[in-house]
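Here the structure is a predicted model, which means the values were calculated and not measured.
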Amino acid sequence: MSTIGHNSVAGEELKTIISRLEKLAEEKSDIAETIKDVFTEAKGRGFDNATIRTILKLRKKDASEREEEENLLDTYMNALGMLPLFERV
């Protein structure tokens, strides 16, 4: 393994990479704080954050993936006696 001196080209590249990663980590932290603020605002307006998080996860999936997941959930819940055998109209 070759050494990287502080004045070498590789050393400068490494500094650039480290600097970029530090900047991205800072931006990530800022974004996380902004997301937290939006969730706080939503809660203050009477919305349920757990439900909002569930909706965000569902919106990332396509319709067929959501349908398959819902069918499995219904099947499992029915097997555990968590759903009525016949839905009332």
Side-chain angles (χ1 to χ4, degrees):
M1 185 163 147
S2 63
T3 59
I4 300 175
H6 70 280
N7 290 326
S8 70
V9 171
E12 289 303 314
E13 286 179 53
L14 181 58
K15 285 180 187 177
T16 300
I17 289 169
I18 296 297
S19 177
R20 288 173 53 202
L21 289 169
E22 289 172 337
K23 184 174 181 355
L24 289 168
E26 186 177 308
E27 289 173 9
K28 181 180 175 182
S29 176
D30 291 345
I31 290 170
E33 188 64 32
T34 302
I35 289 170
K36 181 180 171 186
D37 291 344
V38 173
F39 274 111
T40 299
E41 177 184 346
K43 184 176 182 179
R45 293 176 180 251
F47 294 103
D48 180 69
N49 285 341
T51 304
I52 290 173
R53 289 181 193 281
T54 300
I55 290 171
L56 290 172
K57 288 177 189 175
L58 289 172
R59 288 173 56 104
K60 290 180 183 179
K61 300 175 182 180
D62 64 30
S64 63
E65 188 178 6
R66 283 195 311 267
E67 185 177 345
E68 181 181 343
E69 187 175 289
E70 288 171 7
N71 288 336
L72 279 172
L73 181 61
D74 285 347
T75 300
Y76 290 7
M77 289 177 70
N78 190 39
L80 295 170
M82 297 173 70
L83 293 178
L85 290 178
F86 301 100
E87 292 187 30
R88 296 181 186 175
V89 181

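Pairing each heavy atom of Arg66 with each of Lys61, the nearest pair is NH1-O, 2.8 Å. Phe39 and Asn49 get closest at one heavy-atom pair: O-ND2, 3.1 Å. The shortest heavy-atom contact between Glu69 and Leu58 is OE2-CD2, 4.1 Å.
Interatomic distance, Leu14 CG to Ser19 OG, rounded to the nearest 0.5 Å: 11.0 Å. For the atom pair Asp30 CG and Glu33 CD, the distance stands at 8.5 Å (nearest 0.5 Å). Here Leu21 contributes atom CG and Lys28 contributes atom NZ; the two are 11.0 Å apart, rounded to the nearest 0.5 Å.
With salt bridges taken as basic N to acidic carboxylate O contacts below 4.0 Å, none links Lys23 and Glu26.
Each of Thr75, Leu73, Asp74 was evaluated against Leu83; a single residue qualifies, Asp74, per the side-chain contact (heavy atoms from CB on, under 4.5 Å) test. Tested against Ile52 for a side-chain contact (heavy atoms from CB on, under 4.5 Å), the candidates Asp48, Leu56, Ile55 yield a single pass: Leu56.
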| field | Test log, rule side-chain contact (heavy atoms from CB on, under 4.5 Å), inputs Lys57 and Lys60 | value | CA-CA 5 Å; Lys57 288 177 189 175; Lys60 290 180 183 179; 5.7 Å; no
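Judged by distance alone, with hydrogens and angles left aside, the side-chain atoms of Ser29 form no donor-acceptor pair with the main-chain N or O of Ala25 at under 3.5 Å.
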